[in-house]
Amino acid sequence: MTTRVRFAPSPTGYLHIGSARTALFNYLFAKHVGGKFLLRIEDTDIERSTDESTRSILEGLQWLELQHDEEIVYQSNNAPKHRAVALKLLNEGKAYRDFTPREERSGADVKAAIQERAREQKDMRDNPFRDLPKEESDRKADAGEPFAIRLKVGASGKTIFDDAVYGFQERDYSEIEDLVLLRSDGHPLYNLAVVCDDIEMRITHVIRGQDHLTNTHKQVLIYEALNAEKPTFAHLPLILAPNKGKLSKRKHGEVVSMTTYRDNGFVAAAFRNFLVLLGWSAGEEKEIYTMDELVSKFSLDHIHKNNAVFNFDANDPRHWTDDKALWMNAEYIRTMPLEDLIPLVKAELKSAKLWRDEYEDDDKIHFEKTVDLIRERFFTLKDFSSQGRAFFSEDFDFDEAAIAKNLKKFSELQTWLPELAETLETVEDFTHDTLETVIKQFAEEKGGKFGVIMNGARTLLTGLAVGPSMLAVFETLGKEKTIRRLKSQIAWSQ
RNA sequence: GGUCGGUUCGUCUAGGGGUCUAGGACACCGCCCUUUCACGGCGGCGACACGGGUUCAAAUCCCGUACCGACUACCA
């Protein structure tokens, strides 16, 4: 039997990093065993689901390169089927009509209210309509009395299943209430919908967040009522906020959204690599994996049981997201094959209006050399257009601190650097070694320090106080720009 | 409250009775390299939640306690 898994987000917001990781694990598991990775949008919560959210989720998956197989299933399209199933269970006597008036639950304090209610320790089988004779139930229904349909959970017994991550699970029926299958307005509920759809989609492995672990018992009951074969369940540890609480948009903002990473210059492969290490490890010291390696190494039995903390400090710009994610991104930028990086840099330069078509034509080699040089110290793709701006444009800013530290502190540089430009004009072979000889000699003649001259040049040439080896910068920028910028007085007048 | 999970450096983790005076990565700190630096090299700091058992031997197995989390909806 082919392995079939699904990622089933509800479109009530952007793609959350926890969901993204769930999608990733599903994808890797499917690909590892040569199975199918399906996508189902659980848009049955009419009030909260939006098309925009669906789009955002799709974009996030696409960015991470988690291509789904087959057509996307929209759960709302299946509502009639879910309803039919509820009715079928009703006819078979496995479910019953509950004529209790609906209790409206809404607002921020639902959770508290539910907990409060749960504290009462009531008997899960005390519903007065549970054993209402069929005739009477039919009569009330025919009379137009609204009713919900509840699953009739056995008086005694227990549900069991063997979770691929958490192991053997059991729960006594007395802990499970007669769950509502169909709302009194005919709207099918989550547990019913999930089970029906998973059956219809022939899902073999349900891989999802640990927050569904206890729900699973209810679903197992539905599978059994339907005489359907249960899939294998595998629950994933949660990804928590630094305070070990739930990671949410309301409390934590943009850091939890996938689009934030895409929009802030993350390399998708790097973020994916970071994500896969949250709750899973191959049991080795290696940490950087290509997608192919992940597919071949991934397995459910290396998934942890304990939750992982997504560590970041909202008040510290340098640690605005998890340090390891940031490091991973930098690592990818400086070590990934240049040909894979180039398109990403191209996109970044385009969006910053710094892209020129020559970069992949006449100027291709030089462009690639430039990217290769400056990527060494970059953390995100944004750095190519910000810190790297001077390499792609004449219109760049000078860092105030750099001017103070590298130029104004040494006033003699104001005449020396233009003089250096004159000297460099005579250099035919504008390359690293030759430049080094010439500039060292120039420094000696002036009685100045080589380093001071180089750093002054750095600021004039790039606007910054940090960057790659200056001789390489000279060479990469080329003779013409080097000379022009060394002569420029713009920075001096700031 | 109940049920179910979980607990190894600040964070991500290796480990599944002896090879653990607990390994790696990130972060942090120091030194080195150097024309700068957020590169690189070397080093440092730093953890088995606690208490009982079982065993010749426990981070690893069992029990209890503490703490954290999930669930407990006519939400998903």
Side-chain angles (χ1 to χ4, degrees), chain A residues 8-10 12 42-45 47-49 75 98 100-106 110-111 113-121 146-150 163 166-167 169-172 174-177 179-185 187 189-191 193-194 209-218 235 237-238 240 242 244-246 274 277-288 304-312 318-319 322-328 330 334 376-379 383 387 402 405-406 439 449-459 464-471:
Chain A
S10 49
T12 53
E42 307 214 321
D43 54 350
T44 53
D45 186 337
E47 287 95 51
R48 294 194 297 153
S49 297
Q75 189 162 64
D98 179 4
T100 312
R102 178 179 174 187
E103 233 182 291
E104 284 291 348
R105 289 185 203 283
S106 61
V110 253
K111 279 270 193 222
I114 286 159
Q115 255 188 50
E116 198 41 53
R117 195 192 72 137
R119 227 177 286 279
E120 290 165 21
Q121 272 286 63
F147 59 87
I149 295 183
R150 284 184 187 271
D163 191 89
Y166 288 92
Q169 303 289 316
E170 73 182 332
R171 196 168 170 87
D172 200 277
S174 64
E175 301 291 337
I176 308 172
E177 72 169 343
L179 57 143
V180 174
L181 266 16
L182 205 64
R183 235 154 64 169
S184 49
D185 61 5
H187 188 83
L189 254 27
Y190 173 73
N191 286 304
V194 173
Q210 189 229 60
D211 45 343
H212 291 286
L213 191 62
T214 28
N215 272 328
T216 305
H217 289 97
K218 296 179 183 175
H235 288 88
L238 268 20
L240 271 24
K244 298 196 193 295
K246 214 171 185 167
F274 164 74
L277 263 16
L278 245 35
W280 175 85
S281 92
E284 58 186 4
E285 289 185 355
K286 184 178 158 76
E287 292 198 300
I288 305 285
H304 303 159
K305 292 190 178 76
N306 53 308
N307 297 337
V309 170
F310 185 67
N311 202 20
F312 62 94
R318 207 171 142 136
H319 303 283
D322 197 291
D323 284 326
K324 199 150 185 174
L326 246 16
W327 167 80
M328 188 77 78
R334 60 180 171 252
E376 192 61 36
R377 287 159 175 82
F378 285 174
F379 268 64
D383 292 335
Q387 297 187 55
K405 180 185 163 209
N406 291 342
I439 298 169
K449 282 176 90 172
F450 180 73
V452 169
I453 292 170
M454 291 305 249
N455 283 327
R458 179 188 304 285
T459 299
L464 303 173
V466 302
S469 162
M470 267 320 281
L471 293 167

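- When heavy atoms are screened at a 4.0 angstrom cut-off, A/P146 is found touching no nucleic acid atom at all.
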Side chain to side chain donor-acceptor pair (under 3.5 Å) between A/Y190 and A/E42, worked out: CA-CA 9 Å; A/Y190 173 73; A/E42 307 214 321; 4.6 Å; no
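- The residue A/A308 sits close only to the backbone: its heavy atoms come under 4.0 Å of sugar-phosphate atoms, none of a base.
- Salt-bridge check for A/D322 with A/K324: failed, with every basic side-chain N at 4.0 Å or more from each acidic carboxylate O.
- Contact of A/K244 with B/C68 (side chain to base): no donor-acceptor pair of N or O atoms is detected under 3.5 Å.
- In this entry B/G40 has B/C32 as its Watson-Crick or G-U wobble partner, both defining distances falling under 3.5 Å.
- Distance, A/I176 CD1 to B/C71 C1': 11 Å, rounded to whole Å.
- Across the interface with RNA chain B, nearest-nucleotide mapping of A/W327 and A/F310 shows A/F310 to be the residue nearer the 5′ end.
- Under the 4.5 Å side-chain criterion, counting only non-hydrogen atoms from C-beta, A/L240 is in contact with A/L238.
- Nucleotide B/G1 forms a Watson-Crick or G-U wobble pair with B/U72, both donor-acceptor distances falling under 3.5 Å.
- Within the nucleic acid shown, A/H319 comes within 4.0 Å of sugar-phosphate atoms alone, with no base atom in reach, counting heavy atoms only.
- Per the geometry, CD belonging to A/Q115 stands 10 Å off P belonging to B/C71, to the nearest Å.
- Separating the C1' atom of B/C62 from that of B/A22 is a span of 23 Å, rounded to the nearest Å.
- Across every strand in view, B/G64 sits in a pair with B/C50 that passes the Watson-Crick or G-U test at under 3.5 angstrom.
- Nucleic acid contact for A/T12: none, since no nucleic acid atom lies under 4.0 Å from a heavy atom of the residue.
- Residue A/H212 contributes atom NE2, which lies 18 Å from atom P of B/G5 at whole-angstrom precision.
- In the interface, the side chain of A/N307 is not paired with the base of B/A70 through any donor and acceptor atom under 3.5 Å apart.
- Per the geometry, CZ belonging to A/R183 stands 4 Å off P belonging to B/C75, to the nearest Å.
- Rounded to an integer number of Å, the gap from NZ of A/K218 to P of B/A76 is 11 Å.
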